[in-house]
Amino acid sequence: GKEKQFYTGVTDTLREYIEGRYGVSAMEKTSSEIMESLADVEIEEKSRKELDELFKVADLVKFAKYVPSVGENEEVIPVAVRFVNSTYMKELEEEKEAK
C-alpha cells in the first residue's frame, strides 16, 4: 500500500543522479522531459528503454492511482541499479580514454 512512496523515492534518487551525472535539471522536469534531455546522451539502448519504462510506471503509480504488479515492483530497484551502473561504467571508460 506504499507504492507511491516507493516509486517517488526511487525516481527522486534517479533524478538526483541524472542531475549530477548529466547536468540536467531533472528535479524540475517531467519524466518525458528528462528522457528528451537524455536523447543526445550516449546511453545503452537497453538502459534507456528500462529507465523510460520505470518513469512511465512511476508516473502512473504517483498520478493515476495505478496499482503495479508484484513483478513491476520487484524490477524497479534492479532497473535503477542497472541504469546507474551502466552509465557510471561509461563515465569510467571516458575518463580512462581521456588520460
Side-chain angles (χ1 to χ4, degrees):
K2 297 188 183 228
E3 288 92 353
K4 188 173 180 177
Q5 289 174 301
F6 174 65
Y7 280 85
T8 298
V10 173
T11 56
D12 282 356
T13 302
L14 282 169
R15 287 169 184 267
E16 288 175 21
Y17 171 76
I18 289 167
E19 220 169 85
R21 170 75 169 96
Y22 299 109
V24 173
S25 58
M27 297 307 282
E28 292 82 35
K29 294 186 182 226
T30 65
S31 298
S32 59
E33 288 172 335
I34 293 169
M35 295 309 296
E36 285 175 28
S37 296
L38 295 175
D40 295 333
V41 175
E42 196 174 319
I43 298 172
E44 290 177 10
E45 192 57 31
K46 180 181 179 192
S47 294
R48 184 183 305 278
K49 285 181 181 179
E50 286 182 335
L51 180 66
D52 188 42
E53 187 61 29
L54 187 154
F55 276 136
K56 286 177 181 174
V57 171
D59 287 348
L60 290 172
V61 170
K62 293 189 293 186
F63 306 116
K65 297 182 181 176
Y66 175 72
V67 178
S69 69
V70 172
E72 286 172 313
N73 287 338
E74 289 175 348
E75 270 302 297
V76 172
I77 299 293
V79 165
V81 169
R82 278 195 299 272
F83 175 76
V84 171
N85 284 342
S86 70
T87 56
Y88 181 69
M89 292 307 293
K90 184 72 176 158
E91 181 179 6
L92 290 179
E93 289 170 16
E94 289 168 2
E95 286 176 4
K96 189 176 181 181
E97 289 172 4
K99 289 182 179 177

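- Look at Arg82 and Glu44 and you find no salt bridge, because none of the NZ, NE, NH1 or NH2 atoms lies under 4.0 Å from a carboxylate O.
- Taking CG of Leu14 as the reference point, atom CZ of Phe55 lies at 5.5 Å (rounded to 0.5 Å).
- Closest approach of Ala80 to Leu54, counting heavy atoms only: N-CD1, 4.1 Å.
- Counted by atom type alone, Lys62 and Thr11 present one or more donor-acceptor pairs between their side chains at under 3.5 Å.
- Criterion: ILVMFWY side-chain heavy atoms under 4.5 Å apart, direct or through other members. Under it, Val79 and Val81 are part of a common hydrophobic cluster.
- Between Glu28 and Glu33 the shortest side-chain heavy-atom distance does not fall below 4.5 Å.
- Hydrophobic clustering (ILVMFWY, side-chain heavy atoms < 4.5 Å, transitive): Leu92 and Val41 are in one cluster.
- To the nearest 0.5 Å, atoms NZ (Lys90) and CD (Glu94) are separated by 5.5 Å.
- Counted by atom type alone, Tyr7 and Asn73 present one or more donor-acceptor pairs between their side chains at under 3.5 Å.
- The closest side-chain heavy-atom distance from Ile77 to Phe6 is below 4.5 Å.
- Salt bridge status for Lys56 with Asp52: present, with a side-chain N to carboxylate O gap under 4.0 Å.
- Once rounded to the nearest 0.5 Å, the distance linking OG1 of Thr87 with CD1 of Ile18 reads 8.0 Å.
- To the nearest 0.5 Å, atoms CZ (Arg48) and CG (Leu51) are separated by 9.0 Å.
- Between Ala26 and Arg15 the shortest heavy-atom distance is O-NH1, 2.8 Å.
- The nearest pair of heavy atoms linking Met27 to Glu19 is N-OE2, 3.0 Å.
- Tyr88 and Tyr17 get closest at one heavy-atom pair: N-OH, 3.5 Å.
- No more than 12 heavy-atom neighbours from other residues, nucleotides or ligands sit within 6.0 angstrom of CD on Glu42.
- Distance check, rounded to the nearest 0.5 Å: CD of Glu72 to CD of Glu53 gives 7.5 Å.
- The NZ atom of Lys4 sits 13.5 Å away from atom NZ of Lys2, with the distance rounded to the nearest 0.5 Å.
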